[in-house]
Amino acid sequence: MKQALFGKTVQELSEMAAELSLPRYAAKQIAGWLYRRQVSSIDAMTDLSAKTRELLNARYVVGLQEPEAVKKSKDGTKKYLFPVADGKYVEAAYIPDRDRATLCISSQVGCRMGCAFCMTGKQGMNGNLTSTDILNQFRSLPEQASLTNIVFMGMGEPFDNLPEVMKSLEILTADDGYAWAPKRITVSTIGILPAVKHFMENSRCHIAISLHHPVHEERKRLMPVENKYPIQQIIAQLKTYDLNRQRRISFEYVMLAGINDSLREAKEMVKLLSGLQCRINLIPFHAIPDSPFKPSGRDAIQQFDAALQQKGMIVTVRQSRGLDIDAACGMLSTTRKWHK
Ligand code: SAH
Ligand code: SF4
């Protein structure tokens, strides 16, 4: 099977060019066609010689995939179904919001982290995406031109697929790629310590950490990762970085009635995060089938929010978008049937 050119970094294109004995500048030319001019065939790369195109065509394709289906929410959110390698699929959500438009992309087919409240977690792990498949959700999105932000908050745990996610970020932000400002991109993770370190030291994009409970024993029950990488350690690590003003650390906190939404947890959270420059994003829980969890009431969320703000924390409550098409946080999954 032919390999995809789309999704290769300039470095990888250079290695390929060397292997095919192409001129040195060919890698940059090809990157320009792939990411700036966004062509979908090798034949469209008209400043490459006919011979070079022939060489490339023999082994490579550009490798784009159109979405196979779309669902539209009454709030304007759209959920796309994208084919990926091995006959599998992932979902991506397009979320317009006044003068912003955010794309929520997937990094894995399913997820093996097993968080108790998450639909993707229920699906289990069905495979890692390549940078080709990660970036194709952006490249082949009909609304690409209107996007202002990208969040890695779709299916999967980005830091469980670190190399491909890092390559995707590089292509999105490099001058030879899409030249997006890193501050328009946020990667969300449950906190895998070595990957957090690597990301903080090798990327300038924002990081969002899924906190969900400030107390070790209780977080363990919600998120098995706490056994291996306790949130305390993640926070201690984050405190070692000098943040420039462009970079943001935020914590996501899904509000579960009677589990993590009392003033006790608010207090514990303030203690845990004290000394770290960060923001908190409270997320209404989106009920998933066969789950014992219930969403916190509006009052509970307000009180929790107020308790944190009173202690000087910067808090926002995330709007639920695309609920009617199962596109809201934690609802993406490709186990259910799509009506195309
Ligand atoms: N795996 C990464 C990114 C994907 S999930 C992570 O966990 O951070 C994006 C956010 O949705 C995470 O904060 C996740 O904890 C949250 N989430 C998962 N299930 C949810 C649900 N049922 N309702 C609301 N948010 C949920
Ligand atoms: Fe995976 Fe994130 Fe869902 Fe946890 S919340 S199971 S890490 S996708």
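When a ligand or atom number is given, it counts from 1 through the structure's own listing order. Just so it is clear, the values below take in all heavy atoms, side chains as well, and ignore hydrogens, waters and symmetry mates. All residue numbers in this chain count up from 1 along the given sequence.
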State plainly whether the residues [X] and [Y] are in salt-bridge range, i.e. N to O under 4.0 Å.
{"X": "D326", "Y": "K79", "result": "no"}
{"X": "K167", "Y": "E12", "result": "yes"}
{"X": "K78", "Y": "E143", "result": "yes"}
{"X": "E226", "Y": "K220", "result": "no"}

Which residue and non-hydrogen atom of the protein lie closest to [atom], and at what distance in Å?
{"atom": "atom 23 (N) of ligand 1", "answer": "H286 N, 2.9 Å"}
{"atom": "atom 1 (Fe) of ligand 2", "answer": "C111 SG, 2.3 Å"}
{"atom": "atom 3 (Fe) of ligand 2", "answer": "C118 SG, 2.3 Å"}
{"atom": "atom 6 (C) of ligand 1", "answer": "S210 OG, 3.4 Å"}
{"atom": "atom 20 (C) of ligand 1", "answer": "G330 CA, 3.4 Å"}
{"atom": "atom 11 (O) of ligand 1", "answer": "C329 CB, 3.6 Å"}

Notebook entry, point to check: Below 4.0 Å from any atom of ligand 1, is there a heavy atom belonging to A287?
Noted result: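 No.
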Item checked: Contact check, S291 vs ligand 1, heavy-atom distance below 4.0 Å ->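 Not so, S291 does not reach ligand 1.
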Notebook entry, point to check: Parallel, tilted or perpendicular for F138 and W180, by the 30°/60° rule?
Noted result: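 Perpendicular, since the angle between the ring planes exceeds 60°.
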Notebook entry, point to check: Using the ring of each side chain (for Trp, its six-membered ring), is Y253 parallel, tilted or perpendicular to F304, with breaks at 30° and 60°?
Noted result: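 Parallel: the ring planes of Y253 and F304 meet at under 30°.
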Next item on the list: Return yes when G156 approaches ligand 2 closer than 4.0 angstrom through a heavy atom, no otherwise.
Entry: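 Flag set, G156 near ligand 2.
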Next item on the list: Run the numbers for me: atoms of ligand 1, each under 4.0 Å from some heavy atom of G154, listed by number.
Entry: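 Close to G154: 4 (C).
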Item checked: Distance filter under 4.0 Å to G156 heavy atoms, resulting ligand 1 atoms ->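 The list of qualifying atoms is 1 (N), 2 (C), 3 (C), 4 (C).
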Between [X] and ligand 1, is there a nitrogen or oxygen pair with a distance under 3.5 Å?
{"X": "I283", "value": "no"}
{"X": "H212", "value": "yes"}
{"X": "M153", "value": "no"}

Check: Are there more than 12 heavy atoms of other residues, nucleotides or ligands under 6.0 Å from atom CZ of R24?
Finding: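 12 or below, so no.
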Note to self: Can you confirm whether more than 12 heavy atoms, excluding those of Q310, are under 6.0 Å from its CD atom?
What the structure shows: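 For Q310, atom CD is not crowded (no more than 12 foreign heavy atoms under 6.0 Å).
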Next item on the list: Give the atoms of ligand 2, by number and element, whose distance to some non-hydrogen atom of G121 is under 4.0 Å.
Entry: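 Taking each heavy atom of G121 in turn, ligand 2 has 6 (S) under 4.0 Å.
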Next item on the list: Could you tell me which atoms of ligand 2, counted from 1 in the order shown, lie closer than 4.0 angstrom to a heavy atom of M113?
Entry: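 Ligand 2 atoms under the 4.0 Å threshold to M113: 1 (Fe), 7 (S).
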Applying a 4.0 Å heavy-atom criterion (strictly less than), which segment of [X] is in contact with ligand 1: side chain, backbone, both, or neither?
{"X": "E252", "answer": "side chain"}
{"X": "P284", "answer": "backbone"}
{"X": "T189", "answer": "backbone"}

Checklist line | Derivation of the side-chain hydrogen bond (donor to acceptor under 3.5 Å, both in side chains) call for E68 and Y89 | finding: CA-CA 9 Å; E68 274 193 15; Y89 289 90; 2.9 Å; yes
Item checked: Verdict with supporting geometry, E265 and N260, side-chain hydrogen bond (donor to acceptor under 3.5 Å, both in side chains) -> CA-CA 6 Å; E265 285 87 36; N260 66 359; over 6 Å; no
Check: When you look at F117 and H212, which way does the ring pair (Phe, Tyr, Trp, His ring centres under 6.0 Å) test go after all the steps?
Finding: CA-CA 10 Å; F117 43 79; H212 306 327; 4.9 Å; yes
Check: Does any N, O or S atom in C115 come within less than 2.8 Å of atom 1 (Fe) of ligand 2?
Finding: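 C115 does not place any N, O or S atom closer than 2.8 Å to atom 1 (Fe) of ligand 2.
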Next item on the list: In sequence, state the C-alpha distance, the side-chain angles, and the governing distance for E15 and K8, and then conclude on salt bridge (Lys or Arg N to Asp or Glu O under 4.0 Å).
Entry: CA-CA 10 Å; E15 286 159 18; K8 285 189 189 291; over 6 Å; no
